[in-house]
Novice: 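Dropping a structure here in structure tokens format, bear with me for questions.
Just so it is clear, the structure is predicted and the values come from calculations on it, not from any experiment. Values reported hereafter were calculated over all heavy atoms of this structure, with side chains retained and with hydrogens, waters and symmetry mates removed.
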Amino acid sequence: MADRLSPMRVTTLFVALALILLPVADLSTAGHDPWPLLGRMLAGFARPDFAAVETLAHALSLTVAFAVAAVALGAAAGFAMAPFYDRWPVRALCIALRSIHEIFWALLLIQAIGIGAPAGVLALALPYAGIFAKIYAEQIEEADPRPRHALPPGTDAISRYLYACLPLIRAPMAGYTLYRLECGMRASVVIGFIGLPTLGFQLDSFFRKGDYGAASAILICYVVLIATIRLWMRPKLAPLWLALSVVLLARIDAPPMGEGAVWRLLSEDMIPAPLRAGEGLAGLIPWLREMTLTEILPGLWNTLIATQIALVLTGAIAFLGFGLTVAAVTGRVGRLAGHLGLVVLRSLPEYMLAYLFLQILGPSLLPAILALGLHNGAIIAHLLGREAAAVTPVLRADAPRGWSLWGWELVPRLFGRFLALCLYRWEIILRETAVMGILGIATLGFFIDSALAELRIDRSVVMLVVIALLSAGIDAISRHLRRRMKLRPVTGADCAAV
């Protein structure tokens, strides 16, 4: 068995790597003074103008509808695949589905079926199907095995799943599905930035016009919607929400696509141009070489730089921030303020935060790094804060209070958990970094978006495969490091707790 890795050594390695990359990262502010614009934005945010958003209720309802429909479809597919997740074809399919970000799925699907409700729902449901299958399979593994062993020999996998496992994991499955709905709400907003009629579309429109009061109203409504999700989404009401979502989405008007668009995408557009032209390998190799040198390598370089710096920033924010939600550290008022701040940061999608920073700082890597660090750091800090609050009552009677409690009691107990969660988010940060390219930041997503805009689908598919392979590699390294450090695995229950 391999020797145990020191968590402190791994942490030092990641911090040192981020510091080495800092001098070569593009962290410029585009040569302009951001303070006047920031002042106008803050003035607008301080005076939210709800009256300016005439279609606010409609955009809110469609945001919910896309999320509910997509999560329902993804959960159903994941539920069906979970019993067979240990078989490599199913596992490979799930890895491929979840390795591509929702917004990339949306951009690709729009080319085939148009900018309508089906494209938006499928863009969220496809990666969620792979995620649900993985998490549900983990929950099956964690369930008490005795009921399965009590079944007669030769009982098929589906019967074991339905009769011996499902009754035991219904509660954690429901909890994770609700958490995934919250993720779906964030993703539903993001797909609005590429033209689908959700809150993101409205937000983009008002920012382009400089109407920050209306943008503030949209952000407030969105945060309230996310913060109250456990109040309005009750399990008994789920069928009603799903039915209403289907009705709302069916009413969306979308321009029709030409006949045979899907088949043309699969049989022609996705095939590399040299192969379509009959040039074979003699034409394919130079084509791939040119794309690698001019697009893939520059995009990957920036993507990896931003990912590693954002990962360390995530860790710093989570490490310093989790104590804010513990009353014994900051007091009741401090705990309330800390909890509110973390809720806002984890509720706003990374893409939306990057969009906001982009308006102020310009299209460098800095907006992406700040957005990724704040959002992911808030998620981990919130989860660690819950665990810290549970630990505090069982400490010894003479335990210190305030930040001494955080430094001397909570940090030593939760450091391994903190590191496990950071490594778990590493692959997620990578995918989100790639997506930032759609905003004009020079990550791999920038070149994918450019290829799609020029209808060079074959080039975009090659770059999506690169992202999928890189995501799978980062995930494998992360799992290896967690095993070598013997850290407690991060499961669906942990995600649901967020």
Side-chain angles (χ1 to χ4, degrees), residues 6-22 25 27 306-348 350 353-354 356-357 361 365-392 395 399-426 428-429 432-433 478 481-482 485 487-488 490 494-495 497-498:
S6 165
M8 187 56 66
R9 181 176 298 178
V10 172
T11 303
T12 303
L13 176 64
F14 275 91
V15 172
L17 179 59
L19 292 175
I20 291 170
L21 293 174
L22 268 177
L27 304 179
T307 296
Q308 296 310 120
I309 298 174
L311 176 64
V312 172
L313 180 60
T314 293
I317 291 171
F319 184 76
L320 297 173
F322 80 85
L324 297 175
T325 61
V326 181
V329 174
T330 58
R332 292 184 178 179
V333 175
R335 176 188 176 279
L336 181 62
H339 178 72
L340 179 61
L342 294 180
V343 166
V344 171
L345 288 176
R346 71 184 180 89
S347 295
L348 294 174
E350 301 98 317
L353 283 172
L356 296 175
F357 288 131
L361 302 173
L365 295 180
L366 187 56
I369 291 170
L370 290 175
L372 291 162
L374 288 169
H375 176 79
N376 290 283
I379 288 176
I380 297 173
H382 179 81
L383 184 54
L384 288 174
R386 289 171 63 99
E387 297 192 20
V391 166
T392 303
L395 295 177
R401 308 285 290 182
W403 288 101
S404 295
L405 173 70
W406 173 83
W408 293 102
E409 297 286 349
L410 298 179
V411 168
R413 284 175 168 81
L414 297 176
F415 188 78
R417 194 75 186 128
F418 153 78
L419 193 54
L421 289 167
C422 287
L423 289 173
Y424 178 78
R425 301 292 302 185
W426 186 15
I428 297 171
I429 291 173
E432 295 288 349
T433 303
S478 171
L481 290 175
R482 296 200 302 267
M485 289 184 287
L487 302 177
R488 196 179 94 201
V490 179
D494 298 314
C495 297
V498 179

Novice: Hey, mind stepping through Leu423 and Phe14 against side-chain contact (heavy atoms from CB on, under 4.5 Å) and telling me if it holds?
Specialist: CA-CA 10 Å; Leu423 289 173; Phe14 275 91; 4.0 Å; yes
Novice: Which of parallel (below 30°), tilted (30 to 60°) and perpendicular (above 60°) describes Trp403 and Trp406?
Specialist: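 The arrangement is perpendicular - the two ring planes meet at more than 60°.
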Novice: Examine distances only and state if a side-chain atom of Thr325 and a backbone atom of Gly338 form a donor-acceptor pair shorter than 3.5 Å.
Specialist: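 Not confirmed, Thr325 side chain does not pair with Gly338 backbone.
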Novice: Using modelled atom types only, decide if a donor and an acceptor are shared between the side chain of Thr330 and the backbone of Leu324 within a distance under 3.5 Å.
Specialist: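 Checking the backbone N and O of Leu324 against the side chain of Thr330, a donor-acceptor pair under 3.5 Å is found.
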Novice: Leu372 vs Leu313, test: side-chain contact (heavy atoms from CB on, under 4.5 Å). Steps then yes/no.
Specialist: CA-CA 8 Å; Leu372 291 162; Leu313 180 60; over 6 Å; no
Novice: Decide yes or no on side-chain contact (heavy atoms from CB on, under 4.5 Å) for Leu370 and Leu353, but give the supporting numbers first.
Specialist: CA-CA 8 Å; Leu370 290 175; Leu353 283 172; over 6 Å; no
Novice: Could you check whether any side-chain N or O of His375 sits under 3.5 Å from a backbone N or O of Leu345, counting only pairs where one atom can act as donor and the other as acceptor?
Specialist: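 Yes.
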Novice: For the atom pair CZ (Arg335) and NE2 (His339), what is the distance rounded to the nearest 0.5 Å?
Specialist: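 So the CZ of Arg335 and the NE2 of His339 are separated by 6.5 Å.
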Novice: Start with the C-alpha gap between Leu22 and Leu27, add the side-chain angles, then the distance that decides, and say whether side-chain contact (heavy atoms from CB on, under 4.5 Å) holds.
Specialist: CA-CA 8 Å; Leu22 268 177; Leu27 304 179; 3.7 Å; yes
Novice: When rounded to the nearest 0.5 angstrom, what is the spacing between CZ in Phe322 and CG in Leu414?
Specialist: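 Spacing of CZ (Phe322) from CG (Leu414) equals 5.5 Å.
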Novice: Does Trp408, at its CH2 atom, have more than 12 non-hydrogen atoms belonging to other residues, nucleotides or ligands within less than 6.0 Å?
Specialist: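 Open.
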Novice: State the CZ-CG distance between Arg346 and Leu383, to the nearest 0.5 angstrom.
Specialist: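 Answer rounded to 0.5 Å: 9.5 Å.
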